[in-house]
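Reminder, nothing fancy here: chain letters follow the sequence lines and each chain counts from 1.
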Number of protein chains: 2
Amino acid sequence: METAFKAINDVTRREILQFLIQGPQNAGQIAKQFDMTKPSISHHLDLLKQAQLIDAVKKGQFIHYSLNKKGFESIHQWFQGFAQHFEFPKPKIRL
Amino acid sequence: METAFKAINDVTRREILQFLIQGPQNAGQIAKQFDMTKPSISHHLDLLKQAQLIDAVKKGQFIHYSLNKKGFESIHQWFQGFAQHFEFPKPKIRL
DNA sequence: TAAATAATTAGGCGAATATCTAATTAATAT
DNA sequence: ATATTAATTAGATATTCGCCTAATTATTTA
């Protein structure tokens, strides 16, 4: 849980997560979205992976990254402790 | 929003929030809960206040701190963007 | 008004973080 | 086999963060 909070405490990493909402992307495709070197992005991906916010699957010379439910769950769980004290606006459409 | 993520990226600050679930507490009462000097706690309270995760009300020489819905909402909102891609377990009791 | 209490502000220091360049590993293609 | 491409690992550096002690501000009480 510690690692998840750490991971989302960075704009770039949050933007990577945001980007992955559209679906899995390899490291190069992700790096292209940002004005930052590939090694830096690689490091961010590593932290996100450690936090289980993303998954990595190697396909040949590419590595496909995608969102991982697990990390989000741990954040969600923490959040629920407070949700009971506040009432939050529900999204228009509940899937 | 940036400030909210920053604020919750620290164990002590998260524990302060947790402690405030039981109700408003003044700075001294909060500081007593932690093995840390008052100035350090004061700094943490300042960051939580900036993130609008807590409110501060001065009553005489005391300052009463309490949870503030606003900061939690901004985190919640960010989270909703991902909640639509994952299905999260709902709490047993919905208030 | 002087002493005590509650809390913050200021300044300093070591540890952690984000970024870069250079080097390395691994897979594909010529 | 060699060159190319995708990506990571390693090492260096500047900045941010969390904590401390000392000093300051503000309020209450004797």
Protein-nucleotide distance (B/Ile16, atom CD1; C/dA7, atom P), rounded to Å | 13 Å
Is it true that atom CD of A/Gln29 has more than 12 heavy atoms of other residues, nucleotides or ligands lying nearer than 6.0 Å?
-> yes
I would like to know whether A/Phe86 and B/Leu67 meet side-chain contact (heavy atoms from CB on, under 4.5 Å); could you show each step before the answer?
-> CA-CA 10 Å; A/Phe86 300 119; B/Leu67 294 178; 3.6 Å; yes
Could you give the NZ-to-P distance, from A/Lys59 to D/dT5, as a whole number of Å?
-> 23 Å
Is the shortest side-chain N/O distance from A/Ser40 to OP1 or OP2 of C/dC20 below 4.0 Å?
-> yes
Could you check if a side-chain atom of A/Gln25 sits within less than 4.5 angstrom of a side-chain atom of A/Gln33, using non-hydrogen atoms only?
-> no
To the nearest Å, how far apart are A/Lys49 NZ and D/dT9 P?
-> 7 Å
Rounding to a whole Å, what distance do you find between A/Leu48:CG and C/dT17:P?
-> 14 Å
Rounded to whole Å, the NZ-C1' distance (B/Lys32 to C/dA6) equals 12 Å
Go through the N and O atoms of the side chain of B/Gln61 and the base of C/dT5, and report whether any donor-acceptor pair is under 3.5 Å.
-> yes
B/Gln77, CD: over 12 other non-hydrogen atoms inside 6.0 angstrom | no
May I ask you to evaluate whether B/His44 reaches the phosphate of D/dC19, defined as a side-chain N or O under 4.0 Å from OP1 or OP2?
-> yes
Reckon A/Thr37 has a side-chain N or O less than 4.0 Å from the OP1 or OP2 of C/dC20?
-> yes
Roughly, in whole Å, what's the span from CG in B/Asp46 to P in D/dC17?
-> 13 Å
Which of C/dA27, D/dG18, D/dT8 is nearest the side chain of B/Leu47? It is D/dG18
The single option from A/Ile8, A/Leu47, A/Ile41, A/Leu53 passing side-chain contact (heavy atoms from CB on, under 4.5 Å) against A/Arg13 | A/Leu47
Kindly say if B/Ser42 contacts the phosphate of C/dA7, meaning a side-chain N or O under 4.0 Å from OP1 or OP2.
-> no
Choose from D/dA7, D/dG18, D/dC20 the nucleotide whose nearest atom is closest to any side-chain atom of A/Phe62.
-> D/dA7
May I have the distance from B/Leu45 (atom CG) to D/dC17 (atom P), rounded to whole angstrom?
-> 17 Å
Tell me which nucleotide among C/dT5, D/dT21, D/dA7 gets nearest to the side chain of B/Pro39.
-> D/dT21
Do the side-chain N or O atoms of B/Tyr65 get closer than 4.0 angstrom to the phosphate oxygens (OP1, OP2) of C/dA6?
-> no
With respect to the phosphate group of D/dC17, does any side-chain polar atom (N or O) of B/Lys6 fall under 4.0 Å of OP1 or OP2?
-> yes
Rounded distance (Å) that lies between atom C1' of C/dA18 and atom CG of A/Asp35 = 14 Å
Pairwise 5' ranking along DNA chain C for A/Asn9 and B/Gln29, keeping only the more 5' one = B/Gln29
Going by heavy atoms in the side chains, are B/Phe5 and A/Arg14 under 4.5 Å from each other?
-> yes
Any side-chain N or O of A/Asn26 less than 4.0 Å from the OP1 or OP2 oxygen of D/dA7?
-> yes
Are A/Lys38 and D/dA6 close enough that a side-chain N or O sits under 4.0 Å from OP1 or OP2?
-> no
